[in-house]
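Taking it in order: structure first as structure tokens, then the write-up.
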Amino acid sequence: MNVNQYVKLHRNDWKLLEEHILLLQRGKHYDTTSLENYYKLYRKATQHLSYCQTYFPNEEVTLYLNGLVSKAHNLLYKDQVSSLQQIKTFFSTTFIRLFIEQWKFVLVAALLFIIGGIGSFISIVTDPLHAYTILPSSMTDAIDPSSIGQHDGAVDSSLMSAAIMTNNIQVAILAFAGGITLGILTTYVLIYNGIIVGAIAAIYWNAGKTYEFWAYIVPHGMIELTAIFIAGGAGLLMGYKLFVPGVYTRGYQLKVQAKRSVQLLLGTIPLFVIAGIIEGFITPAPISLELKYFVAFITVIGLVIYILVGNALWKATAYNNPRFNRSI
């Protein structure tokens, strides 16, 4: 039996289970018979999930059943979990699981940004006058490599941090929402932002201030760009699933993938907050360039540890609950 035949054979049961889940989520009172029917459908779905994990591990139906069984399980055996515990679970395991599952799209987002950056960097290094074509005139006129570091400690860090966080989150939301355009807008946002960074880097390169420039970028940039790439990857994921829906309708893919993408986007918010705090309070602080680079190194180590620990917690959860070894 191929995957299409399997879906046709069992999709009515899955649809019924979805209807039961929706009613329970709305708080509808269930009698004993309804609960028994719900449990039977749930047990069937777990068997179907096990079968698909064995014979169709890389198919969309397996991801779908994983989510369906997870929701049914949580409603059937739910505990009174505090909001704080839910938040902790999301950021400690769920977000990391989604990130690891969609790492290819995050990598593509990073490559699009890098391509834009390299292109503009080479263009302006080759001919500095290209900066006036690539960058807005207001930005080009405001860049003065010779004054870098002269205003350290002279900025309103709180106001600057809040403004930066707001702007970065807006970029991330735009990159994510661009997925609805089949990823075209997301691609544009990633390449455009890469072009801007590459162009500015080239101006400082031509002025012999590359070491100083990156010292003011990487402390917050490592976390900030990681978050933007994740948000961009979420948009590309949604765009890809809408463009290539597989055996499902585009409406269904939009519903399922939009939820996953929104979770990825929400997971980046703390990263933007941390990046904004660093950019507002540490980047402009009157400290040595070496110390700024050290802060960047610490942020990278922190990100790696966060991903490794989250991945370990996710695997531990799956191991302790093998019936839902792809769920959180």
Side-chain angles (χ1 to χ4, degrees), residues 103-149 151 160 163-176 178 181 183-236 239 268 271-272 275-276 278-280 282-284 289 292-293 295-297 299-300 303:
W103 70 268
K104 292 180 181 179
F105 290 93
V106 177
L107 178 60
V108 171
L111 290 175
L112 289 172
F113 181 93
I114 291 171
I115 289 170
I118 291 176
S120 63
F121 181 86
I122 293 174
S123 176
I124 294 176
V125 167
T126 303
D127 185 352
L129 292 179
H130 286 169
Y132 293 93
T133 302
I134 295 173
L135 295 174
S137 58
S138 58
M139 184 179 295
T140 307
D141 295 338
I143 296 174
D144 181 10
S146 63
S147 66
I148 188 169
H151 303 291
M160 180 179 179
I164 291 167
M165 276 188 275
T166 301
N167 177 73
N168 290 338
I169 291 174
Q170 287 175 343
V171 171
I173 291 174
L174 185 60
F176 154 74
T181 66
I184 296 173
L185 179 58
T186 301
T187 300
Y188 169 78
V189 169
L190 292 166
I191 293 177
Y192 176 77
N193 280 273
I195 288 172
I196 296 298
V197 173
I200 297 174
I203 293 174
Y204 281 87
W205 173 278
N206 288 335
K209 295 286 187 178
T210 294
Y211 183 79
E212 293 84 349
F213 169 73
W214 288 114
Y216 282 84
I217 297 298
V218 292
H220 63 272
M222 305 308 292
I223 294 180
E224 182 180 295
L225 290 179
T226 298
I228 289 176
F229 297 157
I230 292 173
L236 292 175
T268 64
L271 299 180
F272 282 120
I278 293 174
E279 193 168 1
I282 296 178
T283 299
L289 299 180
K292 294 179 191 292
Y293 277 109
V295 171
F297 175 75
T299 62
V300 172
L303 279 172

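Residues take their numbers from the sequence shown, with the count starting at 1.
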Notebook entry, point to check: Do you know the tightest heavy-atom contact between Val125 and Ala202?
Noted result: CG2-CB, 3.9 Å
Item checked: Partners meeting side-chain contact (heavy atoms from CB on, under 4.5 Å) with Ile184 (sequence neighbours left out) -> Thr181
For residues 107-115, please give each side-chain donor-acceptor pair under 3.5 Å, one per line with the distance, not counting sequence neighbours.
none

Next item on the list: For Trp205, check ring pair (Phe, Tyr, Trp, His ring centres under 6.0 Å) against everything at least two apart and list the hits.
Entry: Phe121
Next item on the list: Sequence neighbours left out, what passes side-chain contact (heavy atoms from CB on, under 4.5 Å) with Val295? Give chain and number order.
Entry: Pro219, Ile278, Ile282, Thr299
Next item on the list: Quick one: pull up CG in Leu289 and CD1 in Ile148 and give me the separation to the nearest 0.5 Å.
Entry: 8.0 Å
Checklist line | Euclidean distance, Leu236 CG relative to Phe105 CZ, rounded to 0.5 Å | finding: 7.5 Å
Notebook entry, point to check: Are any non-hydrogen side-chain atoms of Ile217 and Val197 less than 4.5 angstrom apart?
Noted result: no
Notebook entry, point to check: OH/Tyr132 to CG/Asp127 distance, rounded to the nearest 0.5 angstrom?
Noted result: 11.5 Å
Margin query: Test of understanding: with ring pair (Phe, Tyr, Trp, His ring centres under 6.0 Å), list the residues that count as partners of Tyr293, not counting sequence neighbours.
Written below: Tyr211
Note to self: Measuring from atom CD of Glu224 to atom CG of Leu271, what distance do you get when rounded to the nearest 0.5 angstrom?
What the structure shows: 11.0 Å
Notebook entry, point to check: Does any N or O in the side chain of Thr140 come within less than 3.5 Å of the main-chain N or O of Pro136, such that one atom is a donor and the other an acceptor?
Noted result: yes
Note to self: If the condition is side-chain contact (heavy atoms from CB on, under 4.5 Å), which residues does Pro145 pass it with, not counting sequence neighbours?
What the structure shows: Ile143, Ile203, Tyr204, Ala207, Lys209
Note to self: To the closest 0.5 Å, what do you measure between CG (Leu135) and OG (Ser120)?
What the structure shows: 7.5 Å
Note to self: Rounded at 0.5 Å granularity, tell me how far CD1 in Ile223 sits from CZ in Phe272.
What the structure shows: 11.0 Å
Margin query: The test is side chain to side chain contact (heavy atoms under 4.5 Å, CB included); show your working for Leu190 and Ile228 and say whether it passes.
Written below: CA-CA 8 Å; Leu190 292 166; Ile228 289 176; 4.2 Å; yes
Notebook entry, point to check: Sub-3.5 Å donor-acceptor pair from the side chain of Asn206 to the main-chain atoms of Pro128, do we have one?
Noted result: no
Next item on the list: Find out whether Lys292 and Val218 are in side-chain contact, i.e. whether some heavy atom of one side chain is under 4.5 Å from a heavy atom of the other.
Entry: no
